[in-house]
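First comes the structure, then the notes that go with it.
First the proteins, then the strands, lettered A, B, ... as listed; each starts at 1.
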Number of protein chains: 2
Amino acid sequence: MPTAAAVADFRTYPLISELADARVLDDQIRVQWADGRLSPFHHQWLRDNCPCAECVYSVTREQVLEIVDVDAHLSAVSACLDDGFLQVEWSGGHLSRYAPGWLRAHAYDDQSRAERRAAKPRSELWDQRFTLPVFDYAAVMEDPKVLLQWLLALRDSGLTQIRGVPTEPGSLARVAQRIAFIRESNFGVLFNVQSKADADSNAYTAFNLPLHSDLPTRELQPGLQFLHCLVNDATGGESIFVDGFAIAAALRTEDPEAFRALCEIPVEFRNKDRHSDYRRLAPIIALDALGDVAEIRMANFLRGPFEAPVEQMPLLYRAYRRFIAMTREARFRVVQRLNPGELWCFDNRRTLHARNAFDPASGARHFQGCYVDRDELLSRILVLQR
Amino acid sequence: MPTAAAVADFRTYPLISELADARVLDDQIRVQWADGRLSPFHHQWLRDNCPCAECVYSVTREQVLEIVDVDAHLSAVSACLDDGFLQVEWSGGHLSRYAPGWLRAHAYDDQSRAERRAAKPRSELWDQRFTLPVFDYAAVMEDPKVLLQWLLALRDSGLTQIRGVPTEPGSLARVAQRIAFIRESNFGVLFNVQSKADADSNAYTAFNLPLHSDLPTRELQPGLQFLHCLVNDATGGESIFVDGFAIAAALRTEDPEAFRALCEIPVEFRNKDRHSDYRRLAPIIALDALGDVAEIRMANFLRGPFEAPVEQMPLLYRAYRRFIAMTREARFRVVQRLNPGELWCFDNRRTLHARNAFDPASGARHFQGCYVDRDELLSRILVLQR
């Protein structure tokens, strides 16, 4: 059984199919697999990905070779199967060996690429009937399996709760750091959500806050938001969530013209106080390269005046009103009061959150919050899955 | 002279032209300015931007009104000019007043939008003849005018140097914090660039490092990178910079097909060690909504195997080789050794940086680095410009 000794990665690549044949063509080597698949690999691609100790520094597992230092018309002198590996001798004499598991995992024939695309995790949309994934603080802190379950729920559903969290201020940091370092903002590393007389954001008042994402005024909205309840003796202040991806999907079906307007017409979000002045122009709905909804950016109270061509303005208002109206529909909303020792953790770029108004005279209310970016969530998942 | 008392902003809006006339049409108010310009404002837009104390919370200067709570068919009962302001009475009775300076600054007729677009700051491209903007540490730390000059040079040229910085480890933090908090990464808040036996990145070896951006493996590459020299007694290790935007502009002219390939075919960057596994699929050249080059993402040693349709692979290799070859051309390169007490600060998403190999046996070499995001740079500039 060949092993992937020189692969520049911490992953292992299971053997899906043996190599059956390798044929040298003009600018590529055409590999045939035992299961019949044909995978072309261009000479440049193969030479670029040579895993030998000369081309990849074994300590960092990072490439030292730069392909531009190889002849653009480099060709294979020979290609053969050796102990299950593909072995190639290049004009100029360099020798490369490729493990079949690694090669199959990186094959770029249409079928292999389609398989990998189909295997990618997909968002699971939800509505008011959502079964909230709840996790236990002690288990998350101690058991890597539970930690992974929590992170997968965050990635795929975008809304989770953890219970049994200590209510000492600052306890939230330990939970967030189970993933990675905390993303700081102008509101601090941990921020306190309390009613303040000199509020620099409506979040720090007792008002109701409409459904929104946090920091839409930044180029990259924070990936994960944590909200940890320390004290909640005030009347009101229930948490409300909607799945922004589910709303976008419904809008796409029910009013495709409005959907397109929110994807295509950028809107400016602004957040300013005496020490900062953030602005970001971006569409409310962002699509990925495949046309899937990748992000929602929304906070009415941080939005600047629309600036669009005159003829687009009526459509933009129609679309914006429709989206906001949908966030208020009961079919999409999950409403729940957070109790001391509980925390919400949700995908801030997907799951919009809101708060009902509360009565600060009726009792104390103190939440702490923080952010962790999506890069860190995905990295942690990959490390836990190794 | 009307003042902008109720404007939901910390900015002031100079009076460019008086209001001359306001006429109520079916779904809009058409304003005529004293200088002849005509600006239509839709009823929805005007009502949405009402600056009164009922619609905007005066403490946070954030909107409380949500436009969806206003009739979609709202119309103006009357519009008149009052003490220089536009005053509108709405069906339903609400009264709105708009300062003429604010209104002109947000007018969305074609001419007003084109004027604002033309006034936006533009990148100043550079090559080997670049006159490096150099600033003095004490002046940057004490004089807000020099601070602003430095930040504008960073925004527009993307490469600056500061001299006279203390060489005690950690001094860099004070410079970065003149802008804002530091962006942490898995390499820490401040990272030490020294040759290490157990390097987790080629940056921490004595190898030459080809021209690259830092953290291309993250969704948002850090906006600004700082590199501060504490000790530099080793032979070699010169810093090299190229303006990635200038190279992209040259490529666009010299080989438009290669340019398009680097804009359109995404590439995966990977960075992994025992504790992290970051991956990001993105094009090497990113364009903004207007088709201008907005970002370069490049680090050969962090790049994963290309995954593109078979028929695109030869073009992708040709384009990639061409871009790398251009980064090596003398016409683009600024080469300079950094001395103790000096620091580089550059736009990490534009200015690619490299390091010649150094000889760790010839003497000590110790740099410290950190990141600050572009949001913070732009916010700081706006606050200093108030």
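There is no contact between B:R380 and chain A, counting heavy-atom distances below 4.5 Å. Looking at B:R318, neither its backbone nor its side chain comes within 4.5 Å of chain A, counting heavy atoms on both sides. Of the atoms belonging to B:R322, not a single heavy atom falls under 4.5 Å from chain A. For A:N300, the parts sitting under 4.5 Å from any heavy atom of chain B are the backbone and the side chain alike. Looking at B:L209, there are no atoms closer than 4.5 Å to chain A (heavy atoms on both sides), in backbone or side chain. Heavy atoms closer than 4.5 Å to chain A are found nowhere in B:H43, neither backbone nor side chain. For chain B, no part of A:D373 is nearby; none of its heavy atoms comes within less than 4.5 Å. Contact of B:A107 with chain A is not made at all, since no heavy-atom distance falls under 4.5 Å. Both the backbone and the side chain of B:I67 come within less than 4.5 Å of a heavy atom of chain A. Residue A:Y317 touches chain B through its side chain alone, counting heavy-atom pairs closer than 4.5 Å. Contacts between B:D27 and chain A at a heavy-atom distance below 4.5 Å involve the side chain alone, from C-beta outward. Neither the backbone nor the side chain of B:A180 comes within contact range of chain A; no heavy atom of the residue lies under 4.5 Å from a heavy atom of that chain. With a 4.5 angstrom heavy-atom cutoff, B:I381 does not touch chain A via any of its atoms.
The backbone N or O of B:E219 sits less than 3.5 Å from a side-chain atom of A:D375, completing a donor-acceptor pair. In this structure, A:E54 contributes its side chain and A:L65 its backbone to no donor-acceptor pair below 3.5 Å.
For the set B:D69, B:T217, B:N271, the count of heavy-atom pairs under 4.5 angstrom toward chain A peaks at B:D69. Between chain A and the options B:R374, B:R280, B:R349, B:R183, the largest number of non-hydrogen pairs under 4.5 Å is found for B:R349.
Using cut-offs of 30° and 60° for the angle between ring planes, the A:F301 and A:H212 rings count as perpendicular. Between A:Y108 and A:W45, the angle of the ring planes lies from 30° to 60°, which puts this pair in the tilted group.
B:S112 and B:R37 share a donor-acceptor pair across their side chains, judged by distance under 3.5 Å alone.
B:E268 and B:R270 are joined by a salt bridge, as a carboxylate oxygen and a charged side-chain nitrogen come within less than 4.0 angstrom of each other.
In summary, the aromatic rings of B:H106 and B:F41 are positioned with their centroids too far apart to meet the 6.0 Å limit. In this structure, the ring of B:F269 has its center no less than 6.0 angstrom from the ring center of B:Y278.
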